[in-house]
Amino acid sequence: MHNTLSQQLTASQRKAVFHTEGPLLVLAGPGSGKTRVITYRIAALIESGVRPYNICAITFTNKAAEEMRNRAMTLGASAGAYISTFHSLCVRILRQYADQAGIHPNFSIYDSSDQARCIKQAVKNCELDTTNFSPARMLDAISTLKNKLIDAESFKTGADDFFSVKLAEIYLSYQHILSELNGLDFDDLLMKTAFLLQDCPDVCRQLGDRFGYLLIDEYQDTNHAQYSIAKALASNHNNICATGDPDQSIYRWRGADIRNIMAFESDWPDAMIVKLEENFRSTANILAVADHLIAFNRNRKLKKLIPTKPEGESIRVTGFEDENEEAHAVAQHIKELTGKGVSLNDIAIFYRVNAQSRALEEAFVRSKLPYQIVRGVEFYRRKEIRDLLAYLKILVNPDDEIALLRIINTPARGIGKVTTERIRAYAARHRISFFEALKKSNNIDSLPKAAKAKLAVFINMLGQFAKDVAGKVAPLAERVFTESGLAESLRAGGPDGLNAIENLNELINSAAEYDKQAEQPSLLDYLQQISLFSDTDAYDAASDRVALMTLHAAKGLEFEHVFIVGVEDGLLPHERSNSGEDDEQLEEERRLFFVGITRAKTGLYISHARYRTVRGQFLRTIASEFLFELGTDFTEQGRDDDFDVDDHDDYDSSSQTVPRFKKGQLVRHEKFGLGRIKEFLDMGENSVITIKFNSGQTKSLVLKYANLSEVDI
DNA sequence: CATAGCCGCCTTTTT
DNA sequence: GGCGGCTATG
C-alpha cells in the first residue's frame, strides 16, 4: 500500500503523508492537494498499525468531513476513524462528560435567533436600554469573550469601566438564562469543552488516549478556544498534524487567530514543517492574478504559488452598468460556456453578501438556467421547520422554554398571551421551569377552567409524543406533524401552506436519511447534528446546476469556471471592514478575494457594476481597489467610444471649478501612483486631501498642488 | 384571543 | 428592502 499511495504524490506531499510520528505542520497553498494529503495520511497511519479508532480528523464543515470520509473510504481506510468538525467533536465530548462539564447531556444548541431572544431578556433583566446596549452588539462582545475563553465570572472580576461592568452583568444574566433553558450557544460548545479539558486532567488524558492521532484542517481559521482544545488533546501524545494557509484566513472576525498557525513551530518545537507550494488546480494566468493581489498584504509570510498547468486564458475584468446588467451578462456568458459543452455544475458564482444573490436569481430564472443557492441554514430558519423542530426539541429538553413558547399556541389552540403569562408567573413564584408549571396548570388558581382544559389537552399530546422518543426520528417527526395539528392548519392556509407542507416533507425525508445513515439514531443526536449544519452542507456537487454562494462559503471548493461579481468599494472590501485603525480588516477582505480567485481551475471572470441598488437606493459605485491589484490592465476595459459620460454627475461638475473629491474615491498621482482618498478637508482652494496609496504609504497633500487625476470606472 | 396592518429597526461574512 | 414587534380592531 505504501508504494501505491506513494507514487501518486510529489516529494513534498510524500513527506507530509509519511512523517507519521510527532507534530507536523503542512503549509499548503490553494490547490496543492491538501485534502488528498490528509486522506492519504490517514491511510498511511492505519497502514503503519495505528487503529482507525484512535484517529481524529477535524475539518471546517460537515460537508468537508463527509467528503474526507468518502475519500478515505475509497482508500479502504476510514472505517472507525473519527472525522468531524470542531463543534461536532465538542458536542460529542460534552455529552459524554456532561457531569464533569457541569451541564446536562440533552442540551439544546442555540442558533443566533434563539440567542437573540436570550440576550434581549438578559438586557431587560439588567434594566438597560437596548439603544446603548443593542442585543447584536452584546452578543458580538460575548462571543468574542467566549472565543478567548473568558467566562462571565472572570470577565466581571476584570471589568473596570462602566461599559465593561454593564457588559459583565449582561453576560452573567445571559449565561444564567441559557443554563436555565439547558441550552448552549455555538461558542459555549467550544468554551465549555476547552474548560473541561483544562480543569479535568483525567478527562483530558482519556480523550488523549482515545484520539491518539489528531489531524486538523484549515488551522489558520481556528480561534483561541479551538486552539486550546487542540493543544490539550494533543499534549498527551504530540501526534498533531495541522494543515492550513495563512493567506486563506477569512474568519478573523469570528475570533480566528492567524497567530495559531504562525506559532505552531514554537508550540511544538520538534515540529516538522512541510510546504506545499505547487498548485495543481488553476491555470498559470489565474495564479498570476492571485499572486499579484495577495502580494499587497504586508502582514504575511511569503509563499510561492507554483503553477503546474499551462497559461490558459487571460483574466477578464468587466464593468457593467448596474447589478441587473451584470447578472444578465453572467447568465449570457454561462449560456455561451454551456454551448461549448461546459456542464452547469462546473460553474460557480461568488459574491460578498447574500443579498447579492437576488439579481442573479432573477436573471437565471429569466434565462431559464438551473441554479442552486448554497445556503443550507436558510432551510432550517423557515417558520414551519422551526415549529416542527420545536416540538421535537421539547421532547428531548423540556427546559427549552423558547421552543415551548413557540409551539404552545402553534397551530392556534386558544392558549394566548394571558394564559402563558399566568403560567410564567406561577413558575417564577415556585421557582420551577415553565414546563413544570405547565404540568401543574390544574393547580394554578389564576387560570380559568377553559384555559386549564386546553392546557391539559396540549400536555397530554406532548406526553403521547414522548412515548415514541426512543429510536428512529422520521416516524416520530411524521407523527408530530400530523397529530400536532400543524399539517391540518397548513393545509387550510392556501398556497403558502402547501409550500410549507412541502418543506416539512423535505425535513421528514432528511430525518429518514439520518435514520438510515446513523449507527444509532436518536432524536437528541439528530437535533444536535442539524443545529451544526452550515451553508456549504447544502451544496450538491452532483446536481447539474450553477452554484451561487458567498465567498466565505466557497472556501475549500473548486470549479472549472468561476464568476466573482460586485467587486466594488464598500462591497469587497466591505464597508463594515473599514472601521479599524489597522489594515488587518482590509487584508482579510483581500484574502477573501484571493480565496475566491483560487477556486477557479480554467475560467475566471471578475466584474463590477457602476450603479448598484443598496438598501433600496440606486447608487453610484466605485470600483474596488483590489481590481487595480490584479496586475491586469482592466482600466482600459469598458471605455469604448460609446461609453456615455455620466449624466448623473453633470450638475455637480458644472457648478465646480476645482474637481470635487470625496472620501473613498480612487485617484492617480503622478509620482505616488494609484491611491484612495481617506479624508477630504474642503477649504476651497486650500483643500487638503489625505490619500492612502497602493504602495502602502499615506500622504496628506494640498489639493491645488497635488495634481491629481480622477480615476473613474 | 386572533388577525391584519403599520411602524420602526437593522442590514457582512458563519460554526 | 425585509422582518419583527406592536397596536387597533373584530
Side-chain angles (χ1 to χ4, degrees), chain A residues 58-65 84-91 109-113 115-117 120 130-131 134-137 139-140 143 146-147 184-191 193 218 221-223 225-226 249-256 350-359 374-378 380-383 409-421 448 450-451 454 489 493 528-538 549-555 566 570-579 585 588-589 591-593 595-596 613-618:
Chain A
I58 300 173
T59 62
F60 201 73
T61 64
N62 288 308
K63 192 82 186 179
S84 181
T85 66
F86 252 111
H87 284 82
S88 298
L89 173 67
C90 290
V91 167
I109 299 172
Y110 278 1
D111 70 4
S112 46
S113 76
Q115 283 180 289
R117 269 167 200 274
K120 272 180 199 160
T130 49
T131 17
S134 84
R137 259 242 162 82
L139 272 183
D140 211 52
S143 172
K146 285 183 178 176
N147 287 331
L184 301 181
D185 65 22
F186 290 124
D187 302 314
D188 281 334
L189 296 175
L190 300 175
M191 184 172 75
T193 305
E218 311 281 13
D221 279 322
T222 51
N223 61 33
Q226 291 166 322
S249 164
I250 54 175
Y251 284 99
R252 204 184 92 105
W253 53 274
R254 209 172 68 185
F350 304 151
Y351 37 79
R352 179 62 176 83
V353 303
N354 285 300
Q356 284 174 265
S357 68
R358 222 189 141 121
V374 181
R375 196 113 208 261
V377 294
E378 205 177 56
Y380 291 94
R381 277 209 258 270
R382 291 171 193 274
K383 184 187 175 300
N409 200 32
T410 308
R413 49 173 72 87
I415 304 173
K417 208 175 155 192
V418 178
T419 304
T420 50
E421 271 315 310
K454 289 171 191 164
S489 82
Q528 291 183 339
Q529 267 197 32
I530 62 171
S531 300
L532 298 177
F533 232 68
S534 70
D535 279 347
T536 358
D537 294 334
M549 68 190 89
T550 63
L551 285 159
H552 283 91
K555 175 189 179 127
L571 214 44
L572 185 68
H574 196 273
E575 56 186 350
R576 300 275 288 233
S577 68
N578 226 340
S579 56
Q585 293 181 76
E588 175 146 316
E589 296 286 309
R591 290 193 291 269
L592 192 54
F593 195 21
V595 166
T613 318
V614 185
R615 287 169 228 139
Q617 277 193 305
F618 197 61

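Note on naming: letters A, B, ... go to the chains in the order of the sequence lines (proteins, then strands), and numbering restarts at 1 for each one. The figures here come from the full heavy-atom set of this structure, side chains too, leaving out hydrogens, waters and symmetry mates.
- Side-chain contact check for A:Asn354 and A:Ser357: no donor-acceptor pair (N or O, by modelled atom type) lies under 3.5 Å.
- C:dG4 and B:dT13 are spaced 23 Å apart, taking the C1' atom of each and rounding to whole Å.
- Look at OH on A:Tyr380: it is 15 Å from C1' on B:dT15, rounded to the nearest Å.
- Side-chain proximity of A:Arg254 to B:dT15, B:dT11, B:dT13: nearest is B:dT15.
- Whole-Å rounding puts the A:Gln226 CD to B:dT15 P distance at 12 Å.
- Listed pair A:Asn354 / B:dT14 meets the phosphate criterion, a side-chain N or O lying under 4.0 Å from OP1 or OP2.
- OP1 or OP2 of B:dT14 sits under 4.0 Å from a side-chain N or O of A:Thr550.
- B:dT15 atom P lies 12 Å from atom CD of A:Glu218, rounded to whole Å.
- Stacking is found between A:Trp253 and the pyrimidine-like six-membered ring of the B:dT13 base under the 5.5 Å centre-distance and 30° plane-angle cut-offs.
- Listed nucleotides: B:dT13, B:dT14, C:dG5. Nearest to the side chain of A:Lys120: C:dG5.
- One can place CD of A:Glu378 at 14 Å from C1' of B:dT14, the figure rounded to the nearest angstrom.
- In this entry the distance linking CZ of A:Phe533 with C1' of B:dT14 reads 15 Å, nearest Å.
- Residue-level contact check: A:Phe86 touches neither bases nor backbone, having no heavy atom under 4.0 Å from any strand.
- Among the protein residues, A:Thr419 comes within range of the sugar-phosphate backbone only, with heavy atoms under 4.0 Å from sugar or phosphate atoms but none that close to a base.
- The side-chain ring of A:His574 is stacked on the base of B:dT12, judged by centre separation under 5.5 angstrom and plane angle under 30 degrees.
- Remark on DNA chain B: of its neighbouring residues A:Lys417 and A:Glu588, the 5'-side contact belongs to A:Lys417, judged by nearest-heavy-atom nucleotide.
- Taken to the nearest 0.5 Å, the NE2 atom of A:His552 stands 5.5 Å off from the CH2 atom of A:Trp253.
- Each of B:dT15, B:dT11, B:dT12 was ranked by its minimum atom distance to the side chain of A:Ala136; first place goes to B:dT11.
- Checking B:dT14, C:dG5, B:dT15 against every side-chain atom of A:Thr536, the shortest atom distance belongs to B:dT15.
- Note on A:Arg137: nothing from the nucleic acid sits closer than 4.0 angstrom, heavy atoms only.
- Among the protein residues, A:Asn62 comes within range of no part of the nucleic acid, since none of its heavy atoms lies under 4.0 Å from any strand.
- Summary of the strand contacts: A:Arg352 and A:Ile415 both lie near DNA chain B, and taking for each the nucleotide with the nearest heavy atom, the more 5' one is attributed to A:Ile415.
- Looking only at distances, a side-chain donor or acceptor of A:Glu589 sits under 3.5 Å from a matching main-chain atom of A:His574.
- The CG atom of A:Asn409 sits 9 Å away from the C1' atom of B:dC1 (whole-angstrom rounding).
- With DNA chain C read from its 5' end, the first of the two nearest nucleotides for A:Arg117 and A:Arg358 is the one closest to A:Arg358.
- Out of B:dT11, B:dT15, B:dT13, the shortest distance to the side chain of A:Ser534 is found at B:dT15.
- Comparing B:dT13, B:dC1, B:dT15 by their nearest atom to the side chain of A:Val418 picks out B:dC1.
- Within the 3.5 Å criterion, the main-chain N or O of A:Arg137 finds no donor-acceptor partner in the side chain of A:Asp140.
- Here the side chain of A:Asn147 pairs no donor or acceptor atom with the backbone of A:Ala256 at under 3.5 angstrom.
- Counting only distance, with no hydrogens or angles, the side chain of A:Asp185 and the backbone of A:Asp111 share no donor-acceptor pair below 3.5 Å.
- Counting to the nearest Å, the C1' atom of B:dT12 and the CG atom of A:Asp535 are 13 Å from each other.
- We find that CE of A:Met549 is positioned 12 Å from P of B:dT14, with the value rounded to whole Å.
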